[in-house]
J.: 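Before I ask anything, here is the structure I am working with.
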There are 2 protein chains.
Amino acid sequence: MATIRDIAKKMGLSVSTVSRALNDNQRISIHTRKRVKKMAQELGYQPNYNARNLTNQEANAVGVVFPVNNRVVDNIFYVGLLRGINEELTSKNYVLSVAIGNSTEQVLENVKSMITRAQIKRFILLYSHINDPVIELLRKQPVTFVTIGKPAAGQKWLYVDNNNVKAGADGTRFLMERYHVSNPIFAESPNGWPYELDRREGYLREMSQTNRKPVIFAVPDEDEHQLDRLIKENPQMDGVVATDDYTGLKIYHRFKTLHPDKEIEVVGYNNSLPNELTDQHFHSVDLHPKEMGQDAVQLLFENQIEARVKHTIVEHSI
Amino acid sequence: MATIRDIAKKMGLSVSTVSRALNDNQRISIHTRKRVKKMAQELGYQPNYNARNLTNQEANAVGVVFPVNNRVVDNIFYVGLLRGINEELTSKNYVLSVAIGNSTEQVLENVKSMITRAQIKRFILLYSHINDPVIELLRKQPVTFVTIGKPAAGQKWLYVDNNNVKAGADGTRFLMERYHVSNPIFAESPNGWPYELDRREGYLREMSQTNRKPVIFAVPDEDEHQLDRLIKENPQMDGVVATDDYTGLKIYHRFKTLHPDKEIEVVGYNNSLPNELTDQHFHSVDLHPKEMGQDAVQLLFENQIEARVKHTIVEHSI
DNA sequence: CTGAAAGCGCTTACAG
DNA sequence: CTGAAAGCGCTTACAG
């Protein structure tokens, strides 16, 4: 591999000049910069990241942290995020390092080692939990981090999120306007995830604005009878806004089993189902994970001072 | 951060001795080694990976390469693999670097840069395609790599895979023995993925051994009528072995819609569906992605000479 | 059993 | 506008 020393020798320049020229240092004449870059090209010069990182006392890597307990559902989303993150990192000549483990302790050790041994100074967390030990750690360290999902009320840090209230309202309106649904119900998990609360709020707003009676289903994981009962108690329902595609699909199937001849339109979130499983009555709000990943990187590299508590909202689409 | 120089000074030893002691070099007395390690502990010494990698001319990182076009289905599997890979890497003090992109060119550039700039010498590919440019590149470079999935016939390199013929047979037998299914049909995609062919072979073997008539469904992505027709043409069917969970679930629902009162048992593969979507008649063969990831790392670090074309088969379970 | 020294490939304060 | 030199924190061949 050619080094800057090779370029320097070949051109009768000093190593310092070559280094500066390659880094576009103003102090080197434009002419020299051009010549050096051309020679670098010719020799197939590739910078040695390890050497550079050693001098810089900082790695050209971003640590991407996975949550410990993730639902199967979310994995699809994570890969989309990775795509966006890496696309953006590549153009910055940065590298994507992953921290993932089966326990909080493992992940914590992983991240600590990234900071102290690998000298990584920037992190993206694919989640945003309350009282998360990793987040607590990062806040105390001289590093920058961005979470996917907003922090709980009262907390402040950099994050990327969707506007879930709007996403809830949009999903609801979509059913009413495009499919002439009269009585959409809202379905959520019993867990009360933050994004669920927001989407529900959007649903409620939309329902009250159009003077309709809102109905909330809390759909239990295992109990099918409970779900059947809810469906039977609401003969008026002709549409579903479900906080995730899985819940939506489940309700869709139960509904069709109970009422084979009735039509129903469903909106879920996340585009997490393959076409194999859905049909034309099933819709999903795309939260654009790839774009969220890209925006996370942007935030991470913005001027640290003005970006203390900034965030980015990614538009969704149906 | 404490460095080996700090330890050396504090103990009146040379930097060389400290370095050797920490690396358990035989030439240093056990006594000294112990003392040095204790002091390292006390000072909270953490090795600087960038420095070490620079001297070693090799990064303590494994490049994990994602396929360009992945189906939603697979994402679930990838996260499981990542878990296994990173667990194993952590114990080796190695780091996980990801290469992922939207085009072959992007991924190829990504990997090239890992080799030449980051000096990564070991790779794991989360796929195993024929004529894949990344694989072609890696074969020519002085690096080691392992694929998830076996290479096409005639090709040879390190890989980790399941025994899919056995997995096909086991799934079939599982239905017959545990659920007294008499006439399981086999469902596959029209794509003819290698693992599908193998699972089908296992199914056929099991059927012929028990003197039953095999039936193969090629399930199209979009055409529901085609699927309905197949179901109607086979009134004897009381079980399904599907090459993936999605196909299995789809057939299950169509079957239940056409025959609300008949029972049917389904086996899919990959454990890729959340409980929300399945019930007690739906089963899935677990291919143990986490274990596959761990084994991939093991292979990657085995003695290079004896492991030229070795592979590991991970046991599945239902 | 231990040490002094060179070297890995960069960046940058200092000097001119 | 360019260069000589120090330094980042390690490992290891050479010497004793």
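Letters go in sequence order (proteins before strands), and every chain restarts at 1.
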J.: If only atom types and distance count, is the side chain of Asn25(A) paired as donor or acceptor with the main-chain N or O of Arg27(A) below 3.5 Å?
T.: yes
J.: Expressed as a whole number of Å, how far does the P atom of dG9(D) sit from that of dA13(D)?
T.: 23 Å
J.: Have Glu88(A) and Gln298(A) got a donor and an acceptor in their side chains that come within less than 3.5 Å?
T.: yes
J.: Using a heavy-atom cut-off of under 4.0 Å over every strand shown, decide if Gln119(B) touches base, sugar-phosphate, or nothing.
T.: nothing
J.: Identify all stems in which DNA chain C takes part, counting only runs of at least 3 consecutive pairs (Watson-Crick or G-U wobble, each distance under 3.5 Å), and give each as one range with another, ordered by first number.
T.: C:1-3 with D:14-16, C:5-12 with D:5-12, C:14-16 with D:1-3
J.: Hey, which of these two, Ile30(B) or Leu54(B), hits DNA chain C nearer its 5' end, going by closest nucleotide?
T.: Ile30(B)
J.: Between Tyr49(A) and Val95(A), what is the shortest heavy-atom contact and its length?
T.: CE1-CG2, 4.4 Å
J.: Give Tyr45(B) one of three labels, base, sugar-phosphate or nothing, depending on what nucleic acid heavy atoms sit under 4.0 Å from its own.
T.: sugar-phosphate
J.: For Arg20(A) and for Thr55(A), find the nucleotide of DNA chain C with the closest heavy atom, then tell me which residue's nucleotide is more 5'.
T.: Thr55(A)
J.: Along DNA chain D, 5' to 3', what are the outermost nucleotides having an atom less than 4.0 Å from a heavy atom of chain A?
T.: dC1(D) to dG9(D)
J.: Under 4.0 Å, counting only non-hydrogen atoms across every strand here, what does Asn23(A) touch: a base, just sugar-phosphate, or nothing?
T.: sugar-phosphate
J.: Using every non-hydrogen atom in the two residues, find where Phe66(B) and Tyr78(B) come nearest and quote the distance to one decimal.
T.: CE2-CB, 3.9 Å
J.: Looking at Asp132(B) and Arg139(B), does any basic side-chain N land under 4.0 Å from a carboxylate oxygen?
T.: no
J.: When you check the gap from the basic side-chain N to the acidic O, do Glu87(A) and Lys290(A) get nearer than 4.0 Å?
T.: yes
J.: Which part of the nucleic acid, if any, lies within contact of Ser16(A), taking any heavy atom under 4.0 Å across all strands shown: a base, the sugar-phosphate backbone alone, or nothing?
T.: base
J.: So what does Glu58(B) touch, heavy atoms closer than 4.0 Å: a base, only the sugar-phosphate, or nothing?
T.: nothing
J.: Give a yes or no answer on whether the side chain of Asn86(B) reaches the backbone of Leu82(B) with a donor-acceptor pair at less than 3.5 Å.
T.: no
J.: Taking the basic N atoms (NZ, or NE/NH1/NH2) and the acidic carboxylate oxygens, is any pair closer than 4.0 Å for Glu105(A) and Lys112(A)?
T.: no
J.: How far apart are the closest heavy atoms of Tyr159(B) and Leu299(B), and which atoms are they?
T.: O-CD1, 3.3 Å
J.: Under 4.0 Å between any heavy atoms, over every strand shown, what does Asn56(B) touch: base, sugar-phosphate, or nothing? Just pick one.
T.: sugar-phosphate
J.: Determine the contact category for Arg52(A): base if any of its heavy atoms lies under 4.0 Å from a base atom, sugar-phosphate if only primed atoms, P, OP1 or OP2 are that close, otherwise nothing.
T.: sugar-phosphate
J.: Contact class for Ser19(A) vs. all strands (heavy atom < 4.0 Å): base, sugar-phosphate, or nothing?
T.: base
J.: In whole angstrom, give me the gap between the P atoms of dT2(D) and dA6(D).
T.: 23 Å
